[in-house]
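Sequence lines set the chain letters: A, B, ... in the order given, protein chains first and strands last, and positions in each chain run from 1.
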There are 2 protein chains.
Amino acid sequence: MKPLRADGRRNRERIVAVAAELVGRDGAQASLEEIARRAGVGSATLHRHFPSRQALLEAIFRDGVAQLCERAAAQPGRDPAAELADWLEELTGYTAANRGLAAALLTGPDGLSAEEICCTDMLLGVLKTLVTRASSAGAIHAGATPEDLMMLANAIAVANEDDPLTARRVLRLALTGIRP
Amino acid sequence: MKPLRADGRRNRERIVAVAAELVGRDGAQASLEEIARRAGVGSATLHRHFPSRQALLEAIFRDGVAQLCERAAAQPGRDPAAELADWLEELTGYTAANRGLAAALLTGPDGLSAEEICCTDMLLGVLKTLVTRASSAGAIHAGATPEDLMMLANAIAVANEDDPLTARRVLRLALTGIRP
DNA sequence: TCTTAAACAGGGGGGCCCTCCGTTTGTCAA
DNA sequence: TTGACAAACGGAGGGCCCCCCTGTTTAAGA
C-alpha cells in the first residue's frame, strides 16, 4: 500500500470531513453526490477513495470508535459485569448519538479490505475481553456472547438514532431483564 | 369512505399480493416501480392506492399482525411475566421472519389516515394489556414500559431479518438480563 | 526540467420516486 | 338498454440518486 500522493491525501481528508458533517445532518443515507460537491471533488474521486458507502462511514467513525475502545482497556475494576454493562451503555449512547454509525456497524464490514482496521472488529475485540473477564468471574451467564451483545447494543442504537438517552435506558433494561 | 369500484378493488388486491412477494424477496426497500410493473398497473395507480411505502407495508402485514394479536388475547395463565415474554418472543420471531415488517413497525405509522387500523397500534394495544397484567401482579419491574418493550423487540427483529431463531434468542437474553 | 503514472472532473446510463393530465371504464339513473 | 359522469387508470416526465467511463491535469522523482 503505497502512500497517497499529496493531492490525493488532501482530497481524502476533505471528503471525510464533509461526509462527517452531512452524515451528522442526514444520517447514513446522506447523498454521496452532495458530499462530493461540497468537498469540491468529482463524484468519481469520492468513489475511488471509498468504493462503498460502508467504507466511507468506517473512515468517518474510526477515530471516535478507537477512542471508545481505548477507554475500555483501562484497569479492571471490582465488578466485571458492571464494567461490561457500563461500557455497553457508553457504546450505545455513542452510536446512537452519531447518526449513521449504528447502522453502519449493524450492516457489518461489507467487503472492506482486510488490511483496513474495521470498526466492527475493534469493538468486537474489546467486547470479547470484557465478556471473557466477566464470564470467568461467574458474573454473567453463558448465553450472553460478545456477538449477541454487540448486536443487541447496535440494534437498540439504530432504533433510537438521535436519542442517546432513550437508547441507554433501553439497553440498561435489556441488560438487567424485566423481572423485579 | 365509499367502497372501491370493482376495478379499483381488483387492482388493489393484485398490488398487495405482488408487493408481499417482492418485499419478501427484497425487504422493505423493494422497488415500488417493479411492484407496479408486475401487478400490471401504472405507478400512479400504486401511489393512489398507497400514498406512502408505509401504507403499502401496513396493508401487506395487517392480516398476519391481527392474527398474532388475537392469539395473545387468549385466557390469562399463571405467570403473567412468562406470558409477556412468550408473546414478545413470538412477535419478534414473526417480525424477523417477515422481511420489511420489523422496519415498518420501527418507523411507525408515518402519516397514515387515522381511520385505518394500524399495525403499530394493534400491537401496542396488546402489549399494554400484557404489561399491565404482569405489572400489577408485581412480576416485572416498573422500568419496562410497553413502548420500550415494543421498541426493543422491533429493534432486535430488524437487526436479524431472515434469522428468526437468533432474533428470538437475543430477545430472550434481553428479557432475562445478563446476570446468572 | 522532463516524464509518467496517479489522481482528477464531468458526463452519461440506468434506476428510483412521485405527480400531472388526458383517456378509459364501471356504475347508476332514466 | 342506454347514456352521462365520476372514478380509476397509465404513461410520460421531472428531479434526484448511484456508479462507471473517458480524456485531461498535475504531483513526484529522475
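Salt-bridge formation is not detected for the pair R168(A)/E90(A): no Lys NZ or Arg NE/NH1/NH2 atom is positioned less than 4.0 Å from an Asp or Glu carboxylate oxygen. With respect to the salt-bridge test (charged N to carboxylate O, under 4.0 angstrom), the residues D86(B) and R172(B) qualify. The existence of a salt bridge linking R14(A) and D7(A) is excluded, since no basic side-chain nitrogen approaches an acidic carboxylate oxygen closer than 4.0 Å.
When distances are taken from the side chain of A44(A) to each of dG11(C), dC21(D), dC9(D), the shortest belongs to dC21(D).
The two residues A102(B) and V158(B) come nearest to each other via the heavy atoms CB-N, 3.7 Å. Of all non-hydrogen atoms in M151(A) and L106(A), the two that sit nearest each other are O-CD1, 4.2 Å. Heavy atoms only, all atoms of each residue included: A174(A) and L152(B) are closest at CB-CD1, 4.2 Å.
For the pair T45(B) and dG10(D), the criterion of a side-chain N or O lying under 4.0 Å from OP1 or OP2 is met. The side chain of H49(A) contributes an N or O atom lying less than 4.0 Å from OP1 or OP2 of dC8(C). The side chain of N11(B) contributes no N or O atom lying less than 4.0 Å from OP1 or OP2 of dA8(D).
Summarising the geometry, the separation between CD1 on I15(B) and P on dA8(D) is reported as 12 Å, rounded to the nearest angstrom. Rounded to whole Å, atom P of dC18(D) lies 12 Å from atom CG of L57(A). To the nearest angstrom, P of dG10(C) lies 14 Å from CG of L46(A). Spacing between atom CD of Q29(A) and atom P of dC18(D) amounts to 9 Å, rounded to whole angstrom units. In this structure, the CZ atom of R12(B) is 11 Å from the P atom of dC9(D), given to the nearest Å. dT22(D) atom P lies 17 Å from atom NE2 of H47(A), rounded to whole Å.
At least one side-chain heavy atom of I178(B) sits under 4.5 Å from a side-chain heavy atom of L84(A). Residues T95(A) and F61(A) fail the side-chain proximity criterion, which asks for heavy atoms closer than 4.5 Å.
For the segment residues 30-42 of chain A, residues with any heavy atom less than 4.0 angstrom from an atom of DNA chain D are, sorted by number, A30(A), S31(A), L32(A), E33(A).
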Inset, instruction - Assign a letter to each nucleotide of nucleotides 22-30 of chain C from its 5' end: B, base within under 4.0 Å of a protein heavy atom; S, sugar-phosphate only; -, no contact. - result: ---BSS---

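Panel note: side chain R53(B), backbone A104(B); no donor-acceptor pair is recorded below 3.5 Å.
If you check every strand for non-hydrogen atoms under 4.0 Å, R48(A) touches a base.
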